[in-house]
Amino acid sequence: MEVFEAIQTLLAVREYKDQAIPRESVTRILEAGRLTGSSRNRQDWAFIAVTERATLRRLGELASTGPYIAQAALAIAVVVPESPVGYIDGARAVQDMMLAAWEMGIGSNWVGNVNTPAIKELLNVPSERMILTIVPFGYPTRKLGKGIKQRKALAEVAHQERFGQPYTG
Ligand SMILES: Cc1cc2nc3c(=O)[nH]c(=O)nc-3n(C[C@H](O)[C@H](O)[C@H](O)COP(=O)(O)O)c2cc1C
């Protein structure tokens, strides 16, 4: 899959088949995170790969905006320093992991609001670190493809030379 096609078709996937993700694919997703560039190449992140069903179920209970983590085959918690650079570096790694997974037919989504004491305790995350997101992964139950993304038109978000001047292509 071409990079641009992956970007064109990637969607938030919240329903997953009851199908395990091969270990090599899990490793490849984690590799995509590891290989991401970070500010000053600090790589100050940790990716916790969760595949145990009991933990996934518990995460689904604790994540107020991501109960569907319970059905995922894999969830990766992204742990970063609680700072703007931490958020930016972590978000870049997440996008690379999501795209690498998508190329293998694996859907995912960003679940926020997970930096809670209960989730940190469950995953043994040190108190001074932040769980930026937990990303559940799994094979989508429905076929997803081009043309169903709902996004603003390019003219609404792209400007020419300076803010407010429409980009005309
Ligand atoms: C920073 C951020 C936080 C998000 N938090 C959640 C969340 O807590 N739960 C959820 O189901 N989706 C969450 N999403 C997913 C967005 O709802 C999704 O990316 C957006 O609606 C576009 O979806 P689409 O690509 O399927 O069109 C989050 C996305 C981002 C980038």
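Counting convention: from 1, in listed order, for ligands and their atoms alike. It should be emphasised that the depicted structure is a prediction, and the values quoted were computed from it without experimental measurement.
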Exercise for the section: Drop me the distance from Leu35's CG to Met97's CE, to the nearest 0.5 angstrom. Expected result: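 So the gap between those two atoms works out to 11.0 Å.
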Quick one: do the [X] and [Y] side chains pair a donor with an acceptor below 3.5 Å?
| X | Y | answer |
| --- | --- | --- |
| Trp102 | Thr9 | yes |
| Thr36 | Asp96 | yes |
| Asp89 | Ser39 | no |

Exercise for the section: Check whether any side-chain heavy atom of Leu74 sits under 4.5 Å from a side-chain heavy atom of Val26, and report yes or no. Expected result: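 Sidechains of Val26 and Leu74: in contact.
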Exercise for the section: Might you list the protein residues in contact with ligand 1, defined as having a heavy atom under 4.0 Å from one of its atoms, sorted by chain and number? Expected result: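 Heavy-atom contacts below 4.0 Å: Leu11, Ala12, Arg14, Thr65, Tyr68, Asn109, Trp110, Val111, Gly112, Arg151.
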Handout entry: Set of side chain to side chain contact (heavy atoms under 4.5 Å, CB included) partners for Glu61, sequence neighbours left out
Key =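 Residues passing side chain to side chain contact (heavy atoms under 4.5 Å, CB included) with Glu61: Arg58.
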